[in-house]
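Worksheet: the structure to be examined is printed underneath.
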Amino acid sequence: MPVPVPEGPRPKRTREQAWAIAPAAAAYRARVGHLEVPRAHVESVTAFDGWPEDVRSGVWVTTTKSRRAKPAAERIAEMDTLGMRWT
């Protein structure tokens, strides 16, 4: 059954809302058992604003790893909890 799409233009995301796609990584880990996500992998989720979204979770994980020094400590801790391998 298709997810209903909200009407009007899609709102721009804040950084906090952009981080909210992290559950796509959690969904992948729950299903597969690790976070070695292939770069081309896409996870379909419902975004914070109710819009269906195809998250390029492989790209997101790779980018998050490469920017380890930039996220807040609690975000790094979240990813550590999921089993993120930083190297």
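What's counted below: heavy atoms across the whole structure, side chains too, no hydrogens, waters or symmetry copies.
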N/O donor-acceptor pair under 3.5 Å between Arg29 side chain and Leu82 backbone: yes

For His41, give me all partners under side-chain hydrogen bond (donor to acceptor under 3.5 Å, both in side chains), at least two apart in sequence or on another chain. Glu43

Pairwise distance OG1(Thr64) to CD1(Ile76) - rounded to 0.5 angstrom: 10.0 Å

Among Val61, Val59, Val32, exactly one meets side-chain contact (heavy atoms from CB on, under 4.5 Å) together with Val37. Which residue is that? Val61

Among all residues two or more places apart in sequence or in another chain, which pass the side-chain hydrogen bond (donor to acceptor under 3.5 Å, both in side chains) test with Thr62? none

Return the minimal non-hydrogen interatomic distance between Gly83 and Leu35, and the atom names on each side. C-CD1, 4.3 Å

Return the NZ to CH2 distance between Lys65 and Trp60, rounded to the nearest 0.5 Å. 11.0 Å

The side-chain hydrogen bond (donor to acceptor under 3.5 Å, both in side chains) partners of Arg75 (sequence neighbours excluded) come to Glu16

Indicate yes or no for a side-chain donor-acceptor contact from Ser66 to the backbone of Thr63 under 3.5 Å, with no hydrogens or angles considered. yes

Taking C-beta and beyond as the side chain, do Asp80 and Trp86 meet within less than 4.5 Å on heavy atoms? yes

